Amino acid sequence: MIKSHKTLLLPFVLAGGMLMTSCMSTKKIVYLQGADTLYAVPQEITQAFELQIQSDDELAISVASKNPELVKPFDTNTLIGSGSGGSRGGYSNSTSNTTSGVAYFLVDKQGNIEFPVFGSVNTKGKTCKQLAKELQQRFISEGYIKDAIVNVKIMSFKVTVLGDVRAPGVQNFTGERLTLLEALGRAGDMNSSAKRENVLVVREEQGRRITYQVDVRDTKAVFESPAYYLQQNDVVYVQPNKSVRVKGSTGYTLFQIGATAVSMLVSVVSLIIAISK
């Protein structure tokens, strides 16, 4: 009778063990833990971010004026326009590069671009807004276009996400603000076997290579990290949690066999109990 009771309790003990393991693993994989209480009261975002222009960036620059004749001297195949030859708000844009195969302004290793009429223009360390304002002031102060409207956009923003994610690879982004969480989301999210407490971001900054480690489970660690907002050419690497979880390894194979054996054992014990009744 005692033996039968032990046999009866075995499936529940195994189920309890699996439940405890599940609870423990949940704490290891949940992102932004405590965010619901930490930000219950809205907080001001203190980490201001604007993407700075870097070497090898491709820039799309548009110049608009109410008088299209004033724009013509700057009308080259690298100057982006409205794409229709029309006007917007009374302003006419250059449209010479709206066909396929257009080349944009390429920032060289020294941070310069070759701009029509102006020649070499330094962009190093400037944001798109700062460069647009600088060009606009030159158009006005040098008497070329008194009502110039200038827009600058980075066209080559890309990051690489590698490691234990569902869709690793290079991501091309057309905006100017990409967060670490967004990049992971674009990569299909991390796999359940990923190491969430140590997501590595590799960055080249001012001629130096620097790394950041981010625990995506820790809300403050994520939002206050210098790597929360990604920059051009950043590399994000997600490590696997343990070697036994690495698909294709001997450890992983043994782990799968063990899990299958436990499942079969529970089924057999349940069947024996049912027959004995």
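None of these values were measured; they are calculated from a predicted model. Each residue takes its place number in the sequence, starting with 1.
The distance from atom NZ of Lys153 to atom CG of Leu51, rounded to the nearest 0.5 Å, is 12.5 Å. Atom CG in Leu106 sits 8.5 Å away from atom CG in Asp57 (nearest 0.5 Å). Note that CG of Leu181 and CG of Leu184 are 6.5 Å apart. Values are rounded to the nearest 0.5 Å. Rounding to the nearest 0.5 Å places OG1 of Thr123 at 8.5 Å from CD1 of Ile61. How far NZ of Lys220 is from CG of Asp215: 14.0 Å, rounded to the nearest 0.5 Å. To the nearest 0.5 angstrom, Phe74 atom CZ is 13.5 Å from Ser62 atom OG.
The salt bridge (charged side-chain N to carboxylate O under 4.0 Å, His left out) pairs that include a residue from residues 189-207 are Arg203-Asp234, Glu204-Arg209, where partners are two or more places apart or lie in different chains.
When side chains are defined from C-beta on, Pro226 counts as touching Tyr212, because their heavy atoms get closer than 4.5 Å. The shortest distance between side-chain heavy atoms of Val30 and Arg217 does not fall below 4.5 Å. Phe105 has its side chain within reach of Pro116: a pair of non-hydrogen atoms, C-beta onward, lies under 4.5 Å apart. The shortest side-chain heavy-atom distance between Cys128 and Ile154 falls under the 4.5 Å cut-off. Residues Lys129 and Glu50 form a side-chain contact, since some pair of their non-hydrogen atoms from C-beta on lies under 4.5 Å apart. The shortest side-chain heavy-atom distance between Glu176 and Phe157 does not fall under the 4.5 Å cut-off. Side-chain contact check for Leu70 versus Tyr144: every heavy-atom pair is 4.5 Å or farther apart. Between Val236 and Val159 there is no side-chain heavy-atom pair separated by less than 4.5 Å.
Take Tyr31 and apply the ring pair (Phe, Tyr, Trp, His ring centres under 6.0 Å) test, not counting sequence neighbours, and it matches no residue. A search for salt bridge (charged side-chain N to carboxylate O under 4.0 Å, His left out) contacts involving Arg138 returns Glu142, not counting sequence neighbours. With sequence neighbours left out, Lys133 forms a side chain to side chain contact (heavy atoms under 4.5 Å, CB included) with Gln137. Leu162 is linked by a side chain to side chain contact (heavy atoms under 4.5 Å, CB included) to Thr160, Val235, Tyr237, counting only residues two or more places apart in sequence or in another chain.
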Hey, mind stepping through Ile140 and Ile145 against side-chain contact (heavy atoms from CB on, under 4.5 Å) and telling me if it holds?
CA-CA 5 Å; Ile140 296 172; Ile145 307 175; over 6 Å; no
If you apply the rule side-chain contact (heavy atoms from CB on, under 4.5 Å), what do you find for Asn112 with Val107, and how did you get there?
CA-CA 5 Å; Asn112 299 316; Val107 182; over 6 Å; no
How far apart are the C-alpha atoms of Phe139 and Val63, what are their side-chain angles, what is the distance that settles it, and do they pass the side-chain contact (heavy atoms from CB on, under 4.5 Å) test?
CA-CA 10 Å; Phe139 279 119; Val63 181; 3.8 Å; yes
Should Gln52 and Gln231 be marked as a side-chain contact (heavy atoms from CB on, under 4.5 Å) after you check the CA-CA gap, both sets of side-chain angles, and the distance that decides it?
CA-CA 8 Å; Gln52 292 185 343; Gln231 298 183 15; over 6 Å; no
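Side-chain heavy atoms closer than 4.5 Å link hydrophobic residues (I, L, V, M, F, W, Y) into clusters, and following such links, even through other members, never connects Val161 to Val202. Both Val152 and Phe118 are members of a single hydrophobic cluster when ILVMFWY side chains are connected at heavy-atom separations under 4.5 Å. Val238 and Leu200 fall into different hydrophobic clusters, where Ile, Leu, Val, Met, Phe, Trp and Tyr residues are linked whenever their side-chain heavy atoms come under 4.5 Å apart, directly or through other members. Note on Ile113: it clusters hydrophobically with Val117, by side-chain heavy-atom contacts below 4.5 Å among ILVMFWY residues.
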Name every donor-acceptor pair, under 3.5 Å, that has one atom in a side chain of residues 165-175 and the other anywhere in the protein, sequence neighbours excluded.
unit_1: Arg166; atom_1: NH1; unit_2: Gly188; atom_2: O; d: 3.0
unit_1: Gln171; atom_1: NE2; unit_2: Ala183; atom_2: O; d: 2.8

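The six-membered or imidazole ring of Tyr228 lies away from that of Phe49, with a centre-to-centre distance of 6.0 Å or more.
Heavy atoms only, all atoms of each residue included: Asn122 and Lys124 are closest at OD1-N, 3.2 Å. Residues Thr127 and Gln130 share a closest heavy-atom pair of N-OE1, 2.9 Å.
Within a 6.0 Å radius of NZ in Lys146, more than 12 heavy atoms belonging to other residues, nucleotides or ligands are found.
Under the 3.5 Å distance criterion, with hydrogens and angles disregarded, a donor-acceptor pair is assigned to the side chains of Ser193 and Asp164.
Without hydrogens or angle criteria, Ser65 side chain to Ala148 main chain gives no donor-acceptor distance under 3.5 Å. Using modelled atom types, no side-chain atom of Asn191 and backbone atom of Ala194 make a donor-acceptor pair closer than 3.5 Å.
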